[in-house]
Amino acid sequence: MSASDPSCHTVVFESSAEYPSVQELRSGLEKGSDEVKIETLRKIITSTINGNPQPTLMMPIIQYVMPSRNKQLKKLLHFYWEVCPKYDDNGKLKQEMILVVNAIRNDLQHPNEYIRGATLRFLQKIAKDAELLEPLIPTCRSCLEHRHSYVRKNAVFAVYSIYREFEHLIPDAPELMYTFLIAETDSTCKRNAFVFLAHCSMEKAVEYVSSIYDTIPGLDEALQMSIIEVIRMDCKNDSAHRARWIRCILELLNVTSHAVKYEAATTLTTLTQNPAAVKAAASCLITLVVKESDNNVKLIVLDRIENLRSKHGPVIDGLVMDLLQVLSSADIEVRRKAMSIVLSMTSSRNVEEVVLFLKKQLQRTQEADFEKAPEYRQLLIQSIHVTAIKFSEVAASVVHALMEFLGDTNNPSALDVVAFVREVVEKFPALRVSICEKLIATLPEIKSGKVFRGVLWIIGEYVETLPAIAETMREIRKVLGEIPILASEQRLLDEAGGEVTANEEGEEKEKEKEKAKAEGTGRPRVLADGTYATETAYTSGATARLEAVKAAAKPPLRTLLLGGDFFTGSVLSSALTKLVLRFTDLSSDATASNALKAEAMLVMTSIIRVGQSKFVTIQIDEDSNERIMNCIQTLSELDVEEQRPILKEVFLDDTKKAFEKMLTAQEKRAAEKKEAESKKAAIVQVDDLLTFRQFSKKTADDAIDYDEDVGRATGAAEVQEDFMSNLSRITQLTGFSDPIYAEALVKMHGFDIMLDVLLVNQSSNTLQNLCLDFATLGDLKIVERPSVYTIAPHGFQSIKATIKVSSTETGVIFGSILWEGPNLSEQCVILNDIHIDIMDYIKPAHCNEAQFRSMWTEFEWENRVNVNSSLSDPREYLQQVMKVTNMACLTPDGALSGDCDFLSANMYARSLFGEDALANLSIERTEAGTITGHVRIRSKTQGIALSLGDKITMAQKDSKPLSV
């Protein structure tokens with residue numbers, strides 16, 4: 001080993017301002033107490049690690065620190081001998097190290113087992129220094145026979161480290177270790193010795209496992225794990241013991257240790273594809289998930305089960321009921337993961353049992369002490385929804401049970417029920433009558449406006465008999481209360497003022513006014529617009545009575561309308577219009593039809609009147625007002641024969657066709673997604689070299705070959721590079737007229753930025769002590785310290801640097817090149833800045849509407865970018881924004897189709913660091929043919945919102961930044 005090839009250590013920060021001189025350090029070593037020596041030696045170690053080795057202090061350390069009996073000092077000495085320079089400039093061992101070796105030999109023979117063990121651990125760290133180790137081999141071997149297990153277990157790994165680097169120093173190490181293993185009783189020592197054999201002499205390791213084959217299930221956990229590792233390594237080489245190893249692994253599935261069971265189950269699926277073995281492994285993993293308390297472990301094991309399910313689906317589908325027990329876990333993520341696997345394992349053979357279990361769980365969520373009941377209830381409802389649509393035979397048994405939750409206080413759960421019922425009522429016509437009857441009876445229990453809107457739409461579309469229509473009208477009147485709403489509310493307000501006549505009321509008002517005038521101006525109040533007003537007892541009393549009327553208990557739908565939810569009122573008007581149209585078609589009784597029509601129009605006009613009064617929290621909006629007026633106009637023109645067919649087509653046919661079209665589109669998307677998942681990419685091409693692993697009947701788990709997995713994960717196997725792509729990523733750092741020319745190739749590799757810098761000495765002088773120094777702006781961090789180089793005249797030098805990225809923010813790398821010029825003068829060239837493009841870290845992603853709305857409300861950083869583009873097509877501009885921001889459009893194609901001058905779309909992306917980025921595009925085409933509007937970007941962090949906004953702004957200006 002030479003001085004130019006030192007070990008790699010962690011760089012430790014030290015403050016140069018407070019660092020003592022060499023003389024002060026020497027004094028601390030010579031005259032200080034043990035505490036002072038410890039602190040001094042700590043500073044010397046830190047300085048040595050950071051590149052300032054202090055070679056003149058080695059002898060004082062040997063003289064004044066090495067003889068000490070202080071155990072902490074001995075431990076620090078081991079750190080110092082590990083990092084200090086042990087060789088001179090010629091690559092020969094320093095003379096002082098002879099004294100060090102002698103001290104280490106004495107420590108290896110020390111009566112204290114801690115010092116012996118710590119010294120043996122130190123030998124593992126200097127295992128590449130053969131000259132240091134050679135005199136210590138006999139003493140190290142003798143430690144294998146020490147009475148204390150702490151010494152023996154460290155001696156085993158010391159021998160292992162020496163044998164791995166210099167086999168000739170201990171040529172009989174495998175035989176020595178096998179003999180040691182047979183005689184050893186301590187479990188940790190046996191495990192260490194077995195690991196030695198596994199890596200240095202596989203034949204001996206297999207021989208040992210065969211000798212203790214019958215006792216393997218009763219061994220220590222650590223040794224069992226090592227045996228599984230040896231079995232896995234042995235089977236990579238087409239072992240003759242494969243059948244015996246499979247039986248051994250099957251026995252290990254039943255041990256008490258969870259770690260051993262997991263490794264055994266994982267290994268078993270790599271050794272054999274036998275259905276019984278795969279089922280045993282899956283059953284073991286499911287038991288692990290149920291019994292393990294750590295949620296992270298549960299999620300890891302569930303991932304493994306999902307992987308097994310994708311490869312051996314029919315074999316383990318029968319274990320679905322066992323997997324359902326995982327739902328007893330309190331963690332919602334574990335439940336969600338388990339539920340997704342259960343849904344994939346559900347088939348026509350077990351669907352009834354699965355649904356029955358889910359229904360029982362749904363009932364349990366209503367218990368008061370059930371943990372995280374609302375989230376779990378929503379998950380169960382969504383799962384039952386998927387199952388019922390997929391297996392029509394269970395739809396009838398679950399739809400009525402789910403409708404019990406329409407009145408749930410947890411709004412998302414109730415909305416999921418509405419979505420399920422709406423889909424079932426369309427796809428299963430036989431269930432329509434019973435579902436509609438249940439919905440009509442459930443109306444008084446509903447509390448949410450969104451749920452009311454969904455239920456009213458279903459009732460308006462699918463209530464098709466005269467008795468059902470009449471019953472619907474009765475229930476709607478119940479949930480609305482007394483009609484007209486405005487008159488009844490006014491009467492309540494009058495009654496709240498007391499039983500007084502009109503004259504008495506007028507006299508009372510006059511008295512109140514005179515009293516207020518006599519008492520002065522009363523209390524000043526600040527109004528909403530910032531102006532002042534005087535509050536008197538009279539006005540205060542009137543307001544109090546109005547508030548009391550508003551706060552009184554009312555039917556649910558009336559409460560929503562008075563609270564300002566007039567969108568629900570417009571949906572109610574539309575549903576009533578459909579019911580009246582259908583009743584008129586079915587009934588020959590003109591009087592009954594007119595009565596129903598009049599009642600519906602009274603309800604609609606009542607909603608509009610109360611929406612313009614003081615009794616509502618928010619006045620009725622124009623859209624709802626216009627929609628309700630359209631419904632009133634429709635019913636008023638119902639007697640006109642020419643209009644009736646058009647009205648029926650619009651209200652009764654077109655809405656149902658639109659819903660059918662939406663369901664068809666959803667089914668098509670689901671089918672395409674399933675087909676894409678079922679199509680497996682061709683891993684092996686026809687002209688590829690065939691191996692035995694690919695000849696197997698089913699693709700074995702990749703875990704059989706860890707080395708290959710590591711190669712794939714790190715990209716070591718991917719040697720091909722796109723030359724043109726590399727050229728586009730080259731950034732010029734200096735000018736052609738500078739003494740030194742520099743350019744950098746910037747590569748993104750996961751969370752790292754790899755800089756490959758080429759330096760060219762353009763002068764006729766040798767550039768000595770040249771240093772390339774980088775600095776960063778943003779969440780970028782330089783990993784390596786700069787090295788010093790010497791470049792010959794017109795010579796080349798390639799320098800590589802790694803920069804760690806910790807978040808999605810636009811970062812800047814800047815720096816300089818320093819070298820020694822004539823007469824030791826320092827010369828410098830400032831480098832051009834390298835701008836790191838965040839687009840390399842942002843990938844398109846998808847989420848549902850509820851998740852988008854939730855994140856939009858939660859995220860606090862918003863960047864609003866005004867749109868002013870010369871493009872004439874709004875969709876073309878949307879595509880441009882999606883391209884420059886790497887975002888996916890969440891708005892379905894159906895909503896974007898058609899010829900319109902307005903466009904609104906939601907977009908979503910996710911970074912490699914797990915950061916979410918949301919965007920809403922709202923634009924319109926002007927009469928001049930240009931596009932105006934804005935893009936609102938929201939994220940949890942400021943950097944990603946600003947960076948995406950800059951990208952859109954740059955794209956609008958048709959100028960591209962210096963990007964990587």
Take Asp833 and Ile813 through the test side chain to side chain contact (heavy atoms under 4.5 Å, CB included) and record every step on the way to the result.
CA-CA 6 Å; Asp833 296 348; Ile813 304 171; over 6 Å; no
State whether the side chain of [X] and the backbone N or O of [Y] hold a donor-acceptor pair below 3.5 Å, judged by distance alone.
X	Y	value
Glu165	Ile162	no
Asn886	Ile842	yes
Asn863	Ala945	yes
Lys86	Trp81	yes
Ser47	Lys43	no
Gln762	Asp738	yes

Residues pairing under salt bridge (charged side-chain N to carboxylate O under 4.0 Å, His left out) where one sits in residues 759-769, two or more places apart or in two chains, turn out to be none
Taking the side chain as every heavy atom from C-beta outward, state whether [X] and [Y] have any pair of such atoms under 4.5 Å apart.
X	Y	value
Leu745	Lys747	yes
Thr40	Tyr64	no
Arg42	Ile38	yes
Leu831	Thr734	yes
His199	Tyr160	yes
Leu41	Val65	yes
Leu733	Glu743	no
Ile937	Leu918	no

Identify, with sequence neighbours excluded, every residue that meets ring pair (Phe, Tyr, Trp, His ring centres under 6.0 Å) alongside [X].
X	value
Tyr789	none
Tyr741	Phe736
Phe774	none

Using side-chain contact (heavy atoms from CB on, under 4.5 Å) as the criterion, list what pairs up with Asp916, not counting sequence neighbours.
Met855, Phe859, Tyr908, Arg910
Go through the steps to decide whether Tyr163 and Cys200 satisfy the test side chain to side chain contact (heavy atoms under 4.5 Å, CB included), and finish with yes or no.
CA-CA 8 Å; Tyr163 181 78; Cys200 299; 3.7 Å; yes
Please report the C-alpha distance between Met907 and Met882 in whole Å, then the side-chain angles of each, then the deciding distance to 0.1 Å, and finally whether the side chain to side chain contact (heavy atoms under 4.5 Å, CB included) criterion is met.
CA-CA 8 Å; Met907 293 174 286; Met882 289 167 58; 3.7 Å; yes
Shortest non-hydrogen contact from [X] toward [Y]:
X	Y	value
Met66	Leu77	CA-CD1, 3.6 Å
Thr48	Cys84	CG2-CA, 4.1 Å
Arg925	Pro874	NH1-CD, 3.7 Å
Pro793	Asn761	CA-ND2, 3.6 Å
Val935	Ala919	CG1-CB, 4.5 Å
Pro739	Val829	CD-CG2, 4.4 Å

From [atom1] ([X]) to [atom2] ([Y]), nearest 0.5 Å:
X	Y	atom1	atom2	result
Ile62	Tyr80	CD1	OH	8.0 Å
Asn920	Arg864	CG	CZ	10.0 Å
Leu759	Ile799	CG	CD1	4.5 Å
Ile791	Asn765	CD1	CG	12.5 Å
Gln63	Arg26	CD	CZ	8.5 Å
Ile137	Leu169	CD1	CG	5.0 Å

Salt bridge (charged side-chain N to carboxylate O under 4.0 Å, His left out) with Lys800: which residues, sequence neighbours excluded?
Asp756
How are the rings of Trp856 and Phe852 set relative to one another: parallel (under 30°), tilted (30 to 60°) or perpendicular (over 60°)?
parallel
Does the gap between the ring centers of Phe79 and Phe122 come in under 6.0 Å?
no
Might you confirm whether atom [atom1] of [X] has over 12 heavy atoms from other residues, nucleotides or ligands at distances under 6.0 Å?
X	atom1	value
Glu134	CD	no
Arg164	CZ	yes
Lys940	NZ	no

Run the side chain to side chain contact (heavy atoms under 4.5 Å, CB included) check on Thr119 and His78 step by step: do they pass?
CA-CA 8 Å; Thr119 309; His78 290 162; 3.7 Å; yes
Exactly one candidate in Glu862, Glu858, Glu860 meets side chain to side chain donor-acceptor pair (under 3.5 Å) with Arg938; the answer is Glu862
